[in-house]
Engineer: 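What follows is a single structure, and I will ask about it in a moment.
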Amino acid sequence: MNELPADQYFDLRPSETGTSISGLWGHFTTFVQNQLLPLAHADVIHPDIRAGFDYTANIMAKQDGSDMVLVDLESLVEFPDHKPPDSDVHNRYLVDVQGNAFTFVCLQCYVVAVYWSQGRSQLEDNLSKQAESVESVVGDLIVSLGELEAKDVKNLLANIASQLSKGESADLDR
(Lines give C-alpha, C1' and ligand atoms only; values in the text may rest on other atoms or scores of the structure.)
Protein backbone atom coordinates (compact mmCIF):
# COMPACT_ATOMS: atom_id res chain seq x y z
CA MET A 1 0.00 0.00 0.00
CA ASN A 2 1.26 3.49 -0.83
CA GLU A 3 2.07 5.83 2.00
CA LEU A 4 0.16 9.08 2.25
CA PRO A 5 2.20 12.19 1.49
CA ALA A 6 2.90 13.62 4.97
CA ASP A 7 2.68 17.18 3.67
CA GLN A 8 -0.79 16.64 2.19
CA TYR A 9 -2.69 14.43 4.67
CA PHE A 10 -3.38 15.24 8.29
CA ASP A 11 -5.30 13.85 11.24
CA LEU A 12 -8.97 14.69 10.70
CA ARG A 13 -9.80 17.60 12.97
CA PRO A 14 -13.20 18.90 11.82
CA SER A 15 -12.92 22.02 13.98
CA GLU A 16 -9.78 23.07 12.09
CA THR A 17 -10.66 22.32 8.46
CA GLY A 18 -12.35 25.63 7.68
CA THR A 19 -15.07 23.59 5.97
CA SER A 20 -18.69 23.69 7.09
CA ILE A 21 -20.03 20.57 8.78
CA SER A 22 -22.38 20.12 5.84
CA GLY A 23 -19.45 20.27 3.40
CA LEU A 24 -17.37 17.98 5.57
CA TRP A 25 -20.26 15.53 5.69
CA GLY A 26 -20.15 15.35 1.90
CA HIS A 27 -16.50 14.29 2.09
CA PHE A 28 -17.35 11.81 4.84
CA THR A 29 -20.17 10.34 2.75
CA THR A 30 -17.73 9.72 -0.11
CA PHE A 31 -15.30 8.15 2.35
CA VAL A 32 -17.98 5.80 3.73
CA GLN A 33 -19.19 4.80 0.27
CA ASN A 34 -15.69 4.22 -1.10
CA GLN A 35 -13.97 2.69 1.90
CA LEU A 36 -16.27 1.49 4.70
CA LEU A 37 -19.12 0.00 2.66
CA PRO A 38 -16.84 -2.20 0.50
CA LEU A 39 -15.34 -3.55 3.73
CA ALA A 40 -18.82 -4.13 5.17
CA HIS A 41 -19.73 -6.12 2.04
CA ALA A 42 -16.92 -8.48 3.09
CA ASP A 43 -18.26 -8.45 6.69
CA VAL A 44 -15.24 -6.40 7.84
CA ILE A 45 -15.37 -3.30 10.05
CA HIS A 46 -12.93 -0.75 11.45
CA PRO A 47 -14.06 -0.48 15.08
CA ASP A 48 -11.48 2.16 16.00
CA ILE A 49 -12.99 5.16 14.20
CA ARG A 50 -13.65 7.39 17.19
CA ALA A 51 -15.69 10.49 16.45
CA GLY A 52 -15.00 13.95 17.75
CA PHE A 53 -15.31 17.52 16.51
CA ASP A 54 -11.81 18.16 17.84
CA TYR A 55 -10.33 14.95 16.43
CA THR A 56 -11.74 11.94 14.59
CA ALA A 57 -9.38 9.01 15.08
CA ASN A 58 -8.02 6.84 12.27
CA ILE A 59 -9.21 8.95 9.38
CA MET A 60 -6.73 11.22 7.65
CA ALA A 61 -7.67 13.89 5.14
CA LYS A 62 -6.38 16.86 3.25
CA GLN A 63 -6.27 20.09 5.26
CA ASP A 64 -9.78 21.11 4.12
CA GLY A 65 -11.23 17.74 5.16
CA SER A 66 -11.46 16.37 1.63
CA ASP A 67 -10.10 13.09 0.32
CA MET A 68 -10.51 11.13 3.57
CA VAL A 69 -8.47 7.96 3.97
CA LEU A 70 -8.79 5.14 6.49
CA VAL A 71 -5.64 4.45 8.52
CA ASP A 72 -4.69 1.98 11.26
CA LEU A 73 -5.61 -0.93 9.05
CA GLU A 74 -4.41 -3.32 11.76
CA SER A 75 -7.72 -2.60 13.49
CA LEU A 76 -9.77 -4.14 10.68
CA VAL A 77 -11.70 -7.14 11.97
CA GLU A 78 -14.49 -9.41 10.81
CA PHE A 79 -17.74 -8.17 12.31
CA PRO A 80 -18.61 -11.32 14.27
CA ASP A 81 -15.17 -11.24 15.93
CA HIS A 82 -15.40 -7.62 17.09
CA LYS A 83 -14.64 -7.12 20.77
CA PRO A 84 -14.18 -3.57 22.10
CA PRO A 85 -11.16 -2.95 24.32
CA ASP A 86 -11.64 -3.58 28.03
CA SER A 87 -9.59 -0.47 28.78
CA ASP A 88 -12.03 1.99 27.16
CA VAL A 89 -12.49 4.19 30.22
CA HIS A 90 -13.92 6.99 28.09
CA ASN A 91 -16.63 4.82 26.50
CA ARG A 92 -15.63 5.82 22.96
CA TYR A 93 -16.38 2.49 21.26
CA LEU A 94 -19.54 0.81 20.04
CA VAL A 95 -20.22 -2.39 21.97
CA ASP A 96 -22.86 -5.11 21.73
CA VAL A 97 -23.96 -4.10 18.24
CA GLN A 98 -26.66 -6.47 17.03
CA GLY A 99 -27.09 -7.06 13.32
CA ASN A 100 -24.23 -7.10 10.84
CA ALA A 101 -21.31 -5.07 9.49
CA PHE A 102 -23.68 -2.61 7.78
CA THR A 103 -25.45 -2.04 11.09
CA PHE A 104 -22.09 -1.26 12.69
CA VAL A 105 -21.14 1.21 9.92
CA CYS A 106 -24.57 2.85 10.15
CA LEU A 107 -24.12 3.40 13.89
CA GLN A 108 -20.59 4.74 13.34
CA CYS A 109 -21.95 7.26 10.84
CA TYR A 110 -24.65 8.33 13.25
CA VAL A 111 -22.13 8.86 16.06
CA VAL A 112 -19.85 10.90 13.78
CA ALA A 113 -22.81 13.07 12.72
CA VAL A 114 -23.88 13.73 16.30
CA TYR A 115 -20.37 14.51 17.54
CA TRP A 116 -19.53 16.78 14.59
CA SER A 117 -22.82 18.66 14.44
CA GLN A 118 -22.90 19.24 18.18
CA GLY A 119 -19.20 20.06 18.53
CA ARG A 120 -18.56 17.20 20.96
CA SER A 121 -15.03 16.37 22.06
CA GLN A 122 -13.38 13.00 21.68
CA LEU A 123 -10.11 13.91 23.37
CA GLU A 124 -11.41 15.21 26.69
CA ASP A 125 -9.54 13.37 29.43
CA ASN A 126 -12.10 14.09 32.12
CA LEU A 127 -15.08 11.82 31.44
CA SER A 128 -17.42 14.16 33.31
CA LYS A 129 -16.52 16.89 30.79
CA GLN A 130 -17.26 14.68 27.80
CA ALA A 131 -20.71 15.19 26.38
CA GLU A 132 -21.79 11.55 26.54
CA SER A 133 -20.47 8.08 25.91
CA VAL A 134 -20.95 6.61 22.45
CA GLU A 135 -23.41 4.10 23.90
CA SER A 136 -25.64 6.85 25.26
CA VAL A 137 -25.56 8.66 21.90
CA VAL A 138 -26.86 5.65 20.00
CA GLY A 139 -29.27 4.62 22.77
CA ASP A 140 -31.74 1.93 21.76
CA LEU A 141 -30.56 2.02 18.15
CA ILE A 142 -27.72 -0.28 19.09
CA VAL A 143 -30.06 -3.21 19.61
CA SER A 144 -33.10 -2.22 17.56
CA LEU A 145 -31.73 -1.75 14.04
CA GLY A 146 -31.26 -5.40 13.19
CA GLU A 147 -29.46 -6.43 10.04
CA LEU A 148 -29.08 -3.65 7.50
CA GLU A 149 -27.95 -3.35 3.90
CA ALA A 150 -25.65 -0.89 2.16
CA LYS A 151 -28.69 1.07 0.95
CA ASP A 152 -29.71 1.66 4.59
CA VAL A 153 -26.34 3.24 5.33
CA LYS A 154 -26.61 5.39 2.19
CA ASN A 155 -30.11 6.50 3.23
CA LEU A 156 -28.81 7.51 6.66
CA LEU A 157 -25.95 9.47 5.09
CA ALA A 158 -28.42 11.31 2.82
CA ASN A 159 -30.81 12.00 5.72
CA ILE A 160 -28.00 13.49 7.79
CA ALA A 161 -26.76 15.55 4.82
CA SER A 162 -30.25 17.00 4.44
CA GLN A 163 -30.43 17.97 8.11
CA LEU A 164 -26.95 19.46 8.13
CA SER A 165 -27.62 21.50 4.99
CA LYS A 166 -30.56 23.07 6.86
CA GLY A 167 -28.25 23.91 9.76
CA GLU A 168 -29.90 21.34 12.02
CA SER A 169 -28.07 19.20 14.53
CA ALA A 170 -27.90 15.48 13.81
CA ASP A 171 -30.50 14.44 16.37
CA LEU A 172 -32.18 12.15 13.92
CA ASP A 173 -35.62 10.75 14.32
CA ARG A 174 -34.89 7.25 15.42
Engineer: Please report the interatomic distance OG(Ser20) to CH2(Trp116), rounded to the nearest 0.5 Å.
Structural biologist: 11.0 Å
Engineer: Mind running side-chain contact (heavy atoms from CB on, under 4.5 Å) on Val111 and Ile49 for me, showing each step along the way?
Structural biologist: CA-CA 10 Å; Val111 170; Ile49 296 174; over 6 Å; no
Engineer: Decide yes or no for Thr103 and Phe79: does some side-chain heavy atom of the first lie under 4.5 Å from some side-chain heavy atom of the second?
Structural biologist: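 Thr103 does not reach Phe79 side chain to side chain.
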Engineer: What I'd like to find out is whether the side chain of Lys62 reaches to under 4.5 Å of the side chain of Tyr9, using heavy atoms alone.
Structural biologist: yes
Engineer: Got Met68 and Leu24 here, is their nearest side-chain heavy-atom distance under 4.5 Å?
Structural biologist: yes
Engineer: Report yes if the side chains of Phe53 and Ile21 come closer than 4.5 Å at any heavy-atom pair, otherwise no.
Structural biologist: yes
Engineer: Is there side-chain contact between Gln63 and Thr17, with at least one heavy-atom pair below 4.5 Å?
Structural biologist: no
Engineer: Side chains of Cys106 and Asp152: does their closest heavy-atom pair fall under 4.5 Å?
Structural biologist: no
Engineer: Verify, without hydrogens or angle tests, whether Thr29 (side chain) and Trp25 (backbone) share a donor-acceptor contact under 3.5 angstrom.
Structural biologist: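 A pair under 3.5 Å: yes.
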Engineer: Would you say the side chain of Ile59 lies within less than 4.5 Å of the side chain of Phe31, judging by non-hydrogen atoms?
Structural biologist: yes
Engineer: Closest heavy-atom contact between Gly65 and Leu12?
Structural biologist: CA-CD1, 4.4 Å
Engineer: Distance from Leu157 atom CG to Gln33 atom CD, nearest 0.5 Å?
Structural biologist: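 Answer rounded to 0.5 Å: 6.0 Å.
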Engineer: Indicate the atoms forming the closest heavy-atom contact of Ser66 with Ala61, along with that distance.
Structural biologist: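 Between these two residues, the closest heavy atoms are O-CB, 3.4 Å.
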Engineer: So do Leu156 and Ile160 actually touch side chain to side chain, heavy atoms under 4.5 Å?
Structural biologist: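 Answer yes - side chains close enough.
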Engineer: Show the atom names and distances, to 0.1 Å, of all donor-acceptor pairs under 3.5 Å that link a side chain in residues 36-47 to residues at least two apart or in another chain.
Structural biologist:
{"from": "His46", "atom 1": "ND1", "to": "Asp48", "atom 2": "N", "distance (Å)": "3.3"}
{"from": "His46", "atom 1": "NE2", "to": "Val71", "atom 2": "O", "distance (Å)": "2.9"}
{"from": "His46", "atom 1": "NE2", "to": "Asp72", "atom 2": "O", "distance (Å)": "3.0"}

Engineer: Sub-3.5 Å donor-acceptor pair from the side chain of Asn155 to the main-chain atoms of Lys151, do we have one?
Structural biologist: yes
Engineer: For Tyr115 and Ser121, work out which heavy atoms get closest and say how close.
Structural biologist: CE2-O, 3.7 Å
Engineer: If only atom types and distance count, is the side chain of Ser117 paired as donor or acceptor with the main-chain N or O of Ala113 below 3.5 Å?
Structural biologist: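 Such a contact is found between Ser117 side chain and Ala113 backbone.
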Engineer: Within this structure, what is the CZ-OG1 distance for the pair Arg13 and Thr56, rounded to the nearest 0.5 Å?
Structural biologist: 9.5 Å
Engineer: Could you go through the side chain to side chain donor-acceptor pair (under 3.5 Å) check for Ser15 and Asp54 one step at a time?
Structural biologist: CA-CA 6 Å; Ser15 60; Asp54 51 349; over 6 Å; no
Engineer: Quick one: does any side-chain atom of Asn100 pair with a main-chain N or O of Leu148 as donor and acceptor, under 3.5 Å?
Structural biologist: yes
